[in-house]
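Computed from heavy atoms alone, side chains included, the values below leave out hydrogens, waters and symmetry copies. A note on names: the letters A, B, ... follow the listed sequences, proteins ahead of strands, and every chain is numbered from 1.
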Amino acid sequence: MYRFQLGTSVISLRHLECEVRVGTMKNSEVAKVFQDIADLLEIKGESPFKVRAYQRGARSIEQLPVQLEQLLKQGQLKEIPGVGDAIAKKITELLTTGRLEYYEKLRSEFPEGLLTLLDIPGVGPKTAYRLSTEVGVRSPEELEKAIVEGRVAGLFRLGDKTVENILRHLQALRTKEQRIPLGVALPLAEEMMESLQQRVEVHDLVAAGSLRRFKDTVGDIDLMCTSADAGAVIEAFSALPQVAEVLARGGTKASVITDRGIQVDLRVVDEESFGSLLQHFTGSKQHNVALRERAHRAGLKLSEYGITDVLSGGMEKFAREEDFYLRLGLQPIPPELREDMGEVERAEQGRIPELLGPGDVKGDLHVHTNWSDGNASVEDMARAAAARGYQYIAVTDHSKGRGIANGLNEARLREQVSEIRALDQRLQQITVLAGMEVDIRADGSLDMPDDVLEELDVVVAAVHSAMGQDEDRMTRRVLRAMHSRHVDIIAHPTCRLLREREPVALDMEAVFRTAVETGTALEINAMPARLDLKDSHVLRARELGVRLAIGTDAHAVGHLEYMRFGVGTARRGWCDPGDVVNTMSLEAISAWLKRRGS
DNA sequence: GCCGTTTTCGGCCCGACTGTTTTCAGTCG
């Protein structure tokens with residue numbers, strides 16, 4: 001067992017301690033080592049290109065949809081973009097010995113805790129190094145103390161204002177929300193945009209940034225608009241009821257903190273360059289870098305203002321984002337794909353898939369009612385689903401193992417099924433399918449006998465207990481459930497809850513392969529706190545040919561709205577309508593649900 | 001350190017802001 005001697009700051013997320021066991025090093029842990037190496041090399045003043053190479057490698061590994069172990073076994077490490085001889089060799093050393101000599105040596109050249117300082121906004125490599133060597137601080141907490149004690153201000157190039165700024169950021173770090181779940185950020189952004197539109201004349205108004213890309217969590221909210229009267233917009237924005245504090249306010253840009261501690265930036269931009277600005281501020285940063293690198297080779301220079309021909313010096317502006325991509329010889333790329341995951345190359349070849357859209361969804365296959373822990377009746381849920389234009393909805397209340405959720409036993413389930421059948425007869429607009437979200441017990445057996453499941457139209461199975469099982473047991477447990485001929489869908493496969501619960505230990509490759517083999521669909525649970533499968537899992541599952549089901553897990557009528565988060569996640573995983581079972585018509589899905597003869 | 005419809009060597013993304021300067025270093029997105 002080897003323990004990396006990293007900082008222990010409570011503020012730092014990126015530099016938390018991590019334990020590493022030989023042979024089980026996770027991709028994220030390996031990625032972190034390379035990110036640290038990049039940071040240290042930067043501090044050391046190494047070539048920025050070398051630094052960037054390590055950063056790129058780290059990011060590639062972080063986003064890798066498969067385990068490094070597997071690529072190592074197959075001798076495919078160098079297939080990873082940004083991984084060449086040197087990094088491949090270092091990955092091999094890390095995976096086989098659990099340590100990396102180069103890394104340890106590099107770390108030993110610097111004071112302990114140096115890297116934790118990099119997490120403070122306004123503190124980069126140069127400042128961090130000087131603070132750590134000249135002032136001797138080893139953590140954000142120590143830095144704050146040093147500043148208050150006046151041991152920092154006055155150092156060369158660290159004037160009062162700089163130090164004041166650092167202190168402000170340090171204090172903000174303690175109180176500021178870290179990453180905000182999409183499910184919180186998106187409604188807030190929409191609420192603010194709506195109020196803004198009521199108060200003042202705005203033309204285009206959109207949310208850019210990671211929100212537009214439907215990332216599961218976002219750092220802040222970026223709004224962009226065009227208007228004939230920028231000043232009035234900025235003023236109205238700063239005065240919105242959600243605003244608690246105005247951080248900065250200029251002629252065309254304002255930054256505020258809302259009452260919930262979330263930073264929102266608004267930019268008012270010219271209509272004629274709205275397209276390229278929107279493109280720029282939608283990101284991701286890495287996507288934009290990839291675009292610029294490519295443009296550079298073609299003698300073009302990209303910026304938020306437009307595309308410049310390097311030879312002639314002339315700049316073209318773009319009112320529409322689409323035209324920006326077309327000018328680069330690229331198919332327009334949907335925001336959800338802009339993560340530098342090969343989308344630029346695909347766009348070049350005209351092979352960006354026709355992604356699944358909200359309108360493709362024909363029904364919801366995971367919904368609760370007041371029979372278990374939902375708060376609406378079967379009929380209310382069904383009518384609300386019909387109002388959304390769905391062809392079908394599956395009622396999937398909990399099974400008896402979820403006592404706390406008022407789970408249904410055999411008798412109550414039968415009673416509910418007859419209510420559903422009767423309702424289905426009455427309702428013209430929508431078909432109500434009888435289902436259940438059945439517990440997968442610790443040993444992988446189901447919490448409901450086969451002869452009862454046999455009578456249902458849809459069976460969704462999920463883990464809700466014994467989540468601490470090791471990977472081997474948990475994987476065997478889930479695979480066993482998938483082999484049941486009654487189970488159609490595995491719900492929220494990793495059981496993660498954003499900011500609350502880590503995913504369970506599960507061999508996802510094995511789950512994906514078994515899903516293909518048994519024809520079981522895996523759910524993209526659309527609850528914003530779950531989004532499980534997450535985007536990178538969806539990407540990998542899809543690549544292997546897994547069928548997916550987007551379910552809202554609605555416990556109230558309003559929760560049916562969550563579907564859009566599930567669709568966004570599916571889009572981030574490059575899904576087209578054919579990848580998702582609940583885009584099928586009623587007739588087709590009925591046939592699919594009967595595929596195993598149940 | 002990586003990588004190739006200019007290259008196996010010589011390149012490698014762009015602009016703005018801030019504070020501290022008197023021409024620019026450092027940081028950020």
Side-chain angles (χ1 to χ4, degrees), chain A residues 34-35 37-61 77-91 102 106 117-131 153-166 168-169 208-210 213 218-222 224 247-248 250 252-253 255 263 265 267 269 273 276-308 310-311 315 328-329 338 340 344-345 348-349:
Chain A
F34 289 116
Q35 181 56 54
I37 290 175
D39 287 342
L40 291 168
L41 291 177
E42 192 173 11
I43 290 167
K44 214 175 161 180
E46 267 281 2
S47 147
F49 304 111
K50 193 166 167 177
V51 171
R52 233 171 48 115
Y54 275 108
Q55 281 169 345
R56 175 145 191 255
R59 213 180 51 88
S60 259
I61 292 166
L77 286 177
K78 283 169 66 180
E79 307 279 308
I80 306 168
V83 173
D85 288 322
I87 294 185
K89 209 164 147 242
K90 290 187 174 72
I91 296 174
Y102 175 78
L106 196 58
L117 300 177
L118 287 178
D119 292 333
I120 308 163
V123 177
K126 296 282 190 278
T127 315
Y129 182 69
R130 294 190 48 216
L131 288 170
L155 265 61
F156 179 67
R157 275 195 165 274
L158 281 172
D160 286 345
K161 277 207 160 169
T162 307
V163 171
E164 207 176 284
N165 269 334
I166 293 175
R168 199 162 46 81
H169 283 304
S210 41
R213 305 199 311 277
V218 306
D220 57 16
I221 297 174
D222 283 307
M224 297 192 43
L247 292 178
T252 60
K253 194 196 147 177
S255 290
Q263 181 167 338
D265 297 344
R267 283 183 181 77
V269 307
S273 33
S276 35
L277 279 152
L278 177 60
Q279 194 286 322
H280 178 81
F281 287 108
T282 297
S284 67
K285 185 175 188 292
Q286 296 306 323
H287 171 79
N288 288 351
V289 167
L291 278 186
R292 281 185 223 131
E293 278 172 351
R294 184 179 171 281
H296 184 81
R297 291 196 292 272
L300 299 172
K301 207 170 68 171
L302 308 187
S303 79
E304 55 262 56
Y305 304 107
I307 301 179
T308 308
V310 176
L311 277 182
M315 188 174 80
L328 294 173
R338 299 182 196 170
D340 191 22
V344 177
E345 291 76 6
E348 207 164 14
Q349 301 155 355

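- Protein atom CZ of A:Phe156 is 17 Å distant from nucleotide atom P of B:dG19, rounded to whole Å.
- In this structure, A:Leu302 places its CG atom 8 Å from P of B:dC14, rounding to the nearest Å.
- Among the heavy atoms of the strands, none lies under 4.0 Å from A:Asp222.
- Which of B:dA25, B:dC12, B:dC2 sits closest to the side chain of A:Ala86 comes down to B:dC2.
- Closest to the side chain of A:Lys126, from the set B:dA16, B:dG19, B:dG26, is B:dG26.
- Between the CD1 atom of A:Ile221 and the OG atom of A:Ser210 there is a distance of 9.5 Å, given to the nearest 0.5 Å.
- Rounded to whole Å, the separation between the C1' atoms of B:dG29 and B:dT23 comes to 25 Å.
- Across the P atoms, B:dT20 and B:dG15 are found 26 Å apart, a figure rounded to whole Å.
- Note on A:Val123: only backbone sugar-phosphate atoms sit closer than 4.0 angstrom, heavy atoms only; bases stay farther off.
- Within the 4.0 angstrom heavy-atom criterion, no nucleotide atom of any strand lies near A:Phe281.
- Taking only side-chain nitrogens and oxygens, A:Lys78 never comes nearer than 4.0 Å to OP1 or OP2 of B:dC3.
- Distance alone, capped at 3.5 Å, places no donor-acceptor pair between the A:Ser273 side chain and the A:Ser276 backbone.
- B:dT8 and B:dC3: their C1' atoms are spaced 9 Å apart (whole Å).
- Between A:Ala298 and A:Val83, the one whose closest nucleotide on DNA chain B sits nearer the 5' end is A:Val83.
- When the P atom of B:dA16 is taken as reference, atom NZ of A:Lys301 falls 10 Å away, rounded to whole Å.
- Between A:Gly122 and A:Ile80, the residue whose closest nucleotide on DNA chain B is further toward the 5' end is A:Ile80.
- Within the structure, every side-chain polar atom (N or O) of A:Ser47 is placed at least 4.0 Å from both OP1 and OP2 of B:dG1.
- Nucleotides B:dT21 and B:dG26 are separated by 13 Å at their C1' atoms, to the nearest Å.
- As rounded to the nearest Å, B:dC12 and B:dT6 have P atoms that lie 14 Å from one another.
- Straight-line distance from the NZ atom of A:Lys50 to the P atom of B:dG10: 18 Å, rounded to whole Å.
- The partner of B:dT8 cannot be assigned: no Watson-Crick or G-U wobble pair with both contacts below 3.5 Å exists in any strand.
- In summary, of the residues considered (A:Arg52, A:Arg56, A:Lys301), a salt bridge (charged side-chain N to carboxylate O under 4.0 Å, His left out) with A:Glu293 occurs for A:Arg52 alone.
- Using a 4.0 Å heavy-atom criterion, one finds that A:Tyr54 contacts the sugar-phosphate atoms exclusively.
- Remark: A:Thr127 is in phosphate contact with B:dT27, judged by side-chain N or O atoms under 4.0 Å from OP1 or OP2.
- For A:Ile37 and B:dC2, the CD1 to C1' distance is 15 Å, given to the nearest whole Å.
- In this structure, A:Phe49 atom CZ and B:dG1 atom C1' are separated by 12 Å, rounded to whole Å.
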Would you sort out whether A:Lys78 and A:Asp85 count as a side-chain contact (heavy atoms from CB on, under 4.5 Å), showing the intermediate values? CA-CA 7 Å; A:Lys78 283 169 66 180; A:Asp85 288 322; 2.5 Å; yes
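- Across all strands shown, A:Asn288 has no heavy atoms under 4.0 Å from either base or sugar-phosphate atoms.
- In this structure, A:Arg267 atom CZ and B:dG15 atom P are separated by 16 Å, rounded to whole Å.
- As rounded to whole Å, 13 Å separates atom P of B:dT27 from atom CG of A:Asn165.
- The nucleotide whose nearest atom lies closest to any side-chain atom of A:Arg56 is, among B:dC2, B:dC24, B:dA16, B:dC2.
- A:Pro125 comes within contact range of the sugar-phosphate backbone alone, with a heavy-atom separation under 4.0 Å but no base atom that close.
- Nucleic acid contact class of A:Lys285 (heavy atoms, under 4.0 Å, all strands): base.
- With hydrogens and angles left out, the side-chain atoms of A:Lys89 and A:Tyr102 include no donor and acceptor closer than 3.5 Å.
- Among the nucleotides B:dC2, B:dC12, B:dT20, the one closest to any side-chain atom of A:Ala53 is B:dC2.
- Distances shown here put every side-chain N or O of A:His296 at or beyond 4.0 Å from the OP1 or OP2 atom of B:dG11.
- When side chains are defined from C-beta on, A:Tyr54 does not count as touching A:Glu46, because their heavy atoms never get closer than 4.5 Å.
- Backbone-only engagement by A:Ile120 is indicated by non-hydrogen atom pairs under 4.0 Å involving sugar-phosphate atoms exclusively.
- The side chain of A:Pro121 lies closest to B:dC28 when the candidates are B:dG19, B:dC28, B:dG1.
- Side chain of A:Arg294 to backbone of A:Leu328: a donor-acceptor contact under 3.5 angstrom is found.
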